[in-house]
There are 2 protein chains.
Amino acid sequence: MGISKTELFTPEQNEIASIAKAIAHPARIAILQYLVDVNSCVCGEIVDEIGLSQSTISQHLKELKKMDIIKGEVEGVKVCYCINRQKMDSIRILFNQIFKQFSCC
Amino acid sequence: MGISKTELFTPEQNEIASIAKAIAHPARIAILQYLVDVNSCVCGEIVDEIGLSQSTISQHLKELKKMDIIKGEVEGVKVCYCINRQKMDSIRILFNQIFKQFSCC
DNA sequence: AGTATTAATCGCAATATTACGATTAATAGT
DNA sequence: ACTATTAATCGTAATATTGCGATTAATACT
């Protein structure tokens with residue numbers, strides 16, 4: 001992408017964009033919704049649920065974890081993922097603020 | 001990206017991801033915030049405000065317009081862009097619903 | 001110790017995104 | 001008609017993303 005120009009923007013602008021990017025994939029939305037449904041679960045179950053390969057799902061989980069949107073807890077051979085509800089809450093509040101700016105007069 | 005696998009996901013999941021992608025760039029956040037500040041303005045002013053080239057800004061505007069997040073009105077040689085507040089409102093409601101799912105118990 | 005299971009990582013290919021300069025098309029002003 | 005202004009588009013380069021198979025590392029179970 002040529003050069004990324006994050007230095008042109010405020011930390012808040014970069015933060016919002018980063019969060020948006022983390023959820024800007026249908027598979028990641030599907031993963032989050034699945035985690036809500038089952039409350040928490042292991043990677044293998046997500047692979048079965050969504051029709052993507054194990055390595056691909058693992059990468060998506062990594063991206064979500066990078067942004068602190070989900071947490072992964074090792075349970076022996078398996079890893080139990082769950083939504084970081086506190087982070088989710090702060091994202092919801094942040095986005096609501098921003099969108100209110102954009103939508104209100 | 002190998003092959004995009006949108007067919008694996010629901011229309012809603014794809015829609016949310018698309019909207020998120022549209023705002024998943026700090027320049028586009030900055031553009032929207034600037035449009036809020038000045039209420040409406042022409043492309044050239046945005047180019048001056050943000051430190052990116054005219055062609056790059058034009059592309060970002062195109063992406064935002066593609067998702068119906070902004071509207072562009074031709075005024076002679078200039079084009080006046082403004083936020084589509086109705087769309088913004090529906091996005092805010094949609095995202096709030098989704099994030100509430102993710103954050104509440 | 002040997003095998004099975006699980007998930008992370010590596011390496012690769014295909015495609016998308018970001019950015020810019022140059023060009024183009026369209027209008028406005030002379 | 002000529003020129004200036006504006007914004008879209010084209011072409012291109014650099015980089016990121018998405019996806020998969022293969023491999024690896026780590027634990028659990030014989």
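Every chain is numbered from 1 and lettered A, B, ... according to where its sequence line falls, protein lines coming before strand lines.
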Rounded off to whole Å, could you give me the [atom1]-to-[atom2] distance for the [X] and [N] pair?
X	N	atom1	atom2	result
E45(B)	dT6(D)	CD	C1'	12 Å
K21(A)	dT18(D)	NZ	C1'	13 Å
L8(B)	dC20(D)	CG	C1'	13 Å
I23(A)	dT18(D)	CD1	P	13 Å
I50(B)	dA19(C)	CD1	P	11 Å
I57(A)	dT18(D)	CD1	P	12 Å

Result for 5'-nearest mapping on DNA chain D, choosing between H25(A) and V79(B), is V79(B)

Looking only at side-chain N and O atoms, does S103(B) offer a donor or acceptor that is under 3.5 Å from a partner on R92(A)? yes

S53(B) and T56(B): side-chain donor and acceptor closer than 3.5 Å? yes

Worked check of side chain to side chain contact (heavy atoms under 4.5 Å, CB included) between I46(B) and L35(B): CA-CA 8 Å; I46(B) 304 171; L35(B) 290 180; 4.2 Å; yes

Write out all pairs satisfying ring-ring contact (aromatic ring centres under 6.0 Å, His included) with one or both partners inside residues 55-84 of chain B, taking only residues at least two apart or from two chains. H25(B)-H60(B)

Which pairs, with at least one residue in residues 33-52 of chain B and sequence neighbours excluded, count as a ring-ring contact (aromatic ring centres under 6.0 Å, His included)? none

Expected output is a numbered-order residue list: members of residues 61-73 of chain B with a heavy atom under 4.0 Å from any atom of DNA chain D. What is it? K62(B)

Report the residue (G44(A) or T6(A)) whose heavy-atom-nearest nucleotide on DNA chain C is the more 5′ of the two. G44(A)

Among I16(B), T10(B), N14(B), L8(B), whose side chain to side chain contact (heavy atoms under 4.5 Å, CB included) with P26(A) holds? N14(B)

Hey, is the side chain of K78(A) poking within less than 4.0 Å of OP1 or OP2 on dA26(D), counting only N and O atoms? no

Checking dA19(C), dA8(D), dT6(D) against the side chain of H60(B) (C-beta onward), the nearest is dA19(C)

Within the structure shown, what part of the strands sits under 4.0 Å from V42(A) by heavy-atom distance: base, sugar-phosphate, or nothing? sugar-phosphate

Which pairs, protein N/O on one side and nucleotides 20-30 of chain C N/O on the other, fall under 3.5 Å?
| unit_1 | atom_1 | unit_2 | atom_2 | d |
| --- | --- | --- | --- | --- |
| dC20(C) | OP1 | K5(A) | NZ | 2.9 |
| dC20(C) | OP2 | S53(B) | N | 2.9 |
| dC20(C) | OP2 | S53(B) | OG | 3.3 |
| dC20(C) | OP2 | T56(B) | OG1 | 3.0 |
| dC20(C) | N4 | Q59(B) | NE2 | 3.1 |
| dG21(C) | N7 | S55(B) | OG | 3.3 |
| dG21(C) | O6 | S55(B) | OG | 3.2 |

Using every non-hydrogen atom in the two residues, find where Q101(A) and R85(B) come nearest and quote the distance to one decimal. O-NH1, 4.1 Å

Write out all pairs satisfying salt bridge (Lys or Arg N to Asp or Glu O under 4.0 Å) with one or both partners inside residues 40-63 of chain B, taking only residues at least two apart or from two chains. E63(B)-K66(B)

Quick one: side-chain contact (heavy atoms from CB on, under 4.5 Å) partners of S18(B), sequence neighbours excluded? M67(B)

